[in-house]
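Letters A, B, ... are given to chains in the order of the sequence lines, protein chains preceding strands, and every chain is numbered from 1.
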Number of protein chains: 2
Amino acid sequence: MIDRYLLRYFLAVIDAGTFSKAAAQCHVSQPTLSVGIAKLEREYGQPLFHRTNRRVELTTAGARLAPHARRIEAEFALAERGAREASPRAPLRLGLLATVPTDWIASWLAAIAPLLGTQPVEIVEGRERDLIERLARGRIDAALTIVRPESERFAADILFEEGYALALPVTHPLAARAVIAAEELAADRMIVRRHCEALSDTSRHFTARGVRPFFPARTTSDERAIAYVRAGLGITVMPACFRDPGIARPRLADFPLTRTVGLLWGHHADRATLAGEPVLARLTRTVETMQAGPGIA
Amino acid sequence: MIDRYLLRYFLAVIDAGTFSKAAAQCHVSQPTLSVGIAKLEREYGQPLFHRTNRRVELTTAGARLAPHARRIEAEFALAERGAREASPRAPLRLGLLATVPTDWIASWLAAIAPLLGTQPVEIVEGRERDLIERLARGRIDAALTIVRPESERFAADILFEEGYALALPVTHPLAARAVIAAEELAADRMIVRRHCEALSDTSRHFTARGVRPFFPARTTSDERAIAYVRAGLGITVMPACFRDPGIARPRLADFPLTRTVGLLWGHHADRATLAGEPVLARLTRTVETMQAGPGIA
DNA sequence: GTATCACATAGACGTCATCTATGATCGACC
DNA sequence: GGTCGATCATAGATGACGTCTATGTGATAC
């Protein structure tokens with residue numbers, strides 16, 4: 001009895017060209033996909049792929065099965081789409097990490113505006129721990145937040161990894177530098193971004209080097225923080241993804257902290273179905289382009 | 001993610017009209033099918049059936065899903081058929097209980113003759129224990145034999161249940177009787193059907209009643225046994241399904257032994273696929289009609 | 001030779017589809 | 001009106017199997 005998941009593996013191998021890539025595409029390990037294909041071949045009665053060292057290619061038997069597999073998957077997709085379109089769709093509850101640039105979210109919201117009628121979205125902002133908590137309780141379906149190895153209780157799709165960098169007004173004497181040591185900033189005032197997941201690491205970094213700046217402002221808004229920096233009220237440390245024409249982002253010497261940002265999926269939700277949701281697929285694309293893109297600064 | 005087996009349950013309910021019948025059709029228990037439908041409804045997002053006490057009927061959501069499910073199942077069937085047609089088919093190895101009437105087998109073989117080119121059949125005759133043994137060793141794919149509750153190591157499809165009855169020549173003085181006691185046969189000679197699964201029970205029945213007849217013949221062929229009976233060489237006891245114009249089949253008083261005949265499936269084989277095999281489907285039909293039919297006698 | 005990349009195999013683990021047993025609900029029947 | 005029979009739902013236990021990590025095998029590159 002051929003099962004659906006076997007055909008999904010099969011099609012993924014055709015599309016990806018290798019077992020390993022197909023496994024990643026299916027969010028399973030390579031051995032899992034390997035035994036899956038083996039099982040399908042046993043059930044089908046004959047080999048479906050010629051294994052060569054560099055890639056795999058369809059046998060004639062595989063070529064015969066492929067169109068059936070395509071039609072079956074397409075029909076499944078239609079059925080599942082029909083389900084969602086007909087039912088009064090529950091709002092998609094999405095957690096957003098506070099330290100994600102607002103303009104990313106704005107750009108995403110603009111892109112999905114026409115979809116909001118058929119797929120309402122409910123946004124929950126919070127810090128890393130809040131979002132994990134809500135995910136665990138099933139209060140949100142997915143979260144754009146920090147992915148850590150130890151948060152493997154949730155399925156994750158990693159989007160990018162980045163470091164943290166200083167944020168100086170472009171008028172700052174050191175603004176043109178690529179790397180700045182903490183000690184060079186002893187005379188600077190510093191904006192405290194109270195919501196930032198890196199706050200304690202940042203404080204420790206400066207105090208460990210004897211730098212105990214004055215704090216002219218504490219805020220939980222990154223836009224406020226940037227405005228303060230532009231205005232010359234002080235400097236701060238932010239994730240590298242924040243860019244603004246008015247601020248420079250030199251690296252902070254010996255501060256190797258990075259964060260990995262991605263989508264975490266609540267286990268009650270069906271990741272495969274959810275990730276195919278246009279609204280979320282668009283979020284992924286938006287984040288990837290805005291992060292990797294040339295940026296403003 | 002909707003799975004294939006859920007759609008099979010769904011379609012079975014549509015076709016059968018009730019969950020219980022659908023469960024039997026799918027060879028699963030009623031609770032299994034029940035939770036299966038519940039799961040499908042959860043995945044689909046809305047109820048698929050209106051449950052009333054006497055029957056279930058499709059909701060509009062169910063009616064929307066049904067055509068997709070049909071197409072998916074049809075496509076799976078096509079894919080699986082394609083597999084079998086393309087591969088050089090292994091012969092279907094079928095065990096046949098010795099005490100099944102030869103004319104049933106002959107009738108079946110005549111019906112499937114045109115199919116033997118594409119699906120070779122290998123017949124293994126044997127007694128009950130031989131067939132079980134071969135099934136366990138994977139030497140045969142299925143067996144038409146006796147189904148016992150304790151032989152639940154194998155999946156079974158029960159075809160019919162029957163008793164054992166006397167076989168007398170129509171010229172016998174008692175041939176017209178419906179029931180005959182063992183004691184009334186003290187003067188008769190008796191043919192021993194050495195291969196019969198009921199042989200020891202039969203012997204015990206007669207000896208316990210003080211009847212120790214002369215045995216003019218021992219045979220392992222039911223056709224020989226019938227020929228002997230017709231010729232007046234002696235009488236015997238056979239499964240009720242044996243009929244012949246020349247013999248009468250009165251019941252033996254106080255002999256309640258019955259046997260349940262059906263198909264046993266080797267666990268290495270895929271029962272669902274195998275049972276759909278035209279050759280085997282035809283065997284099922286042939287046996288059912290020849291057993292239930294008006295018969296010759 | 002070493003390194004790297006591919007897929008296959010082995011054993012352990014956890015999920016979940018399945019089972020049996022039981023409950024809940026309704027209609028039929030005397 | 002109470003009992004019986006039929007239906008589907010629920011609960012807890014169990015086993016199968018899909019998945020994992022770890023490791024093996026083989027081929028190509030340098």
Side-chain angles (χ1 to χ4, degrees), chain A residues 1-10 12-14 16-43 47-59 62 149 152-156 265-272, chain B residues 1-10 12-43 47-59 62 149-150 152-156 265-272:
Chain A
M1 185 69 58
I2 297 178
D3 248 328
R4 182 184 184 185
Y5 78 101
L6 293 176
L7 292 186
R8 294 176 66 89
Y9 292 174
F10 175 63
V13 172
I14 295 178
T18 77
F19 282 28
S20 311
K21 293 199 192 81
Q25 184 173 316
C26 294
H27 296 108
V28 296
S29 68
Q30 172 266 318
T32 296
L33 189 132
S34 193
V35 302
I37 295 295
K39 177 173 182 185
L40 182 60
E41 289 175 324
R42 208 171 56 247
E43 305 223 6
L48 299 170
F49 294 103
H50 284 127
R51 276 83 157 169
T52 77
N53 257 355
R54 284 300 158 200
R55 69 182 185 286
V56 294
E57 47 193 25
L58 279 174
T59 60
E152 63 189 8
R153 343 167 13 194
F154 305 103
W265 308 95
H267 13 240
H268 67 287
D270 179 352
R271 188 247 300 265
Chain B
M1 185 71 57
I2 296 179
D3 248 328
R4 181 185 183 182
Y5 78 101
L6 294 177
L7 292 186
R8 295 177 69 89
Y9 291 173
F10 176 63
V13 172
I14 296 178
D15 295 339
T18 76
F19 281 29
S20 311
K21 294 199 191 80
Q25 184 174 317
C26 294
H27 297 107
V28 297
S29 70
Q30 172 266 317
T32 296
L33 189 132
S34 193
V35 304
I37 296 295
K39 176 171 183 184
L40 182 59
E41 288 175 324
R42 208 172 58 247
E43 305 222 8
L48 299 169
F49 294 103
H50 285 129
R51 275 84 156 170
T52 79
N53 256 356
R54 286 300 158 200
R55 67 182 187 288
V56 294
E57 47 192 26
L58 279 175
T59 62
E150 66 266 23
E152 63 188 5
R153 343 165 14 196
F154 305 102
W265 308 96
H267 13 241
H268 67 287
D270 179 354
R271 188 249 301 265

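The phosphate of D/dT7 (OP1 or OP2) has no side-chain N or O of B/R51 nearer than 4.0 angstrom. OP1 or OP2 of C/dC7 has not a single side-chain nitrogen or oxygen of A/S34 nearer than 4.0 Å.
Not counting sequence neighbours, A/S20 has no partner by the side chain to side chain donor-acceptor pair (under 3.5 Å) test. Residues satisfying the side chain to side chain donor-acceptor pair (under 3.5 Å) test with A/T59, not counting sequence neighbours, are none. In this view, A/R4 and A/E73, A/E80 satisfy the salt bridge (charged side-chain N to carboxylate O under 4.0 Å, His left out) rule, not counting sequence neighbours. Judged as a side chain to side chain donor-acceptor pair (under 3.5 Å), and not counting sequence neighbours, A/H50 has no contacts.
The shortest side-chain heavy-atom distance between A/F19 and A/R51 falls under the 4.5 Å cut-off. With a 4.5 Å cut-off on side-chain heavy atoms, B/V28 and B/Y9 count as touching. Within the 4.5 Å cutoff, the side chain of B/F10 has no heavy atoms near those of the B/L6 side chain.
For the pair A/L48 CG and C/dA8 P, the computed distance is 12 Å after rounding to whole Å. Separating the CZ atom of B/R42 from the P atom of D/dA9 is a distance of 13 Å, rounded to the nearest angstrom. To the nearest angstrom, C1' of D/dC17 lies 16 Å from CE of A/M1. Atom CD of B/E57 is separated from atom P of D/dC8 by 12 Å (rounded to the nearest Å).
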Next item on the list: Report, as a single string ordered 5' to 3', how protein heavy atoms within less than 4.0 Å touch nucleotides 14-27 of chain C: B base, S sugar-phosphate only, - not at all.
Entry: ---SBBBB---BBS
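Between the side chain of B/E41 and the backbone N or O of B/L48, at least one donor-acceptor pair lies under 3.5 Å.
At a non-hydrogen distance threshold of 4.0 Å, A/T18, A/F19, A/S20 from residues 17-25 of chain A come into contact with DNA chain C.
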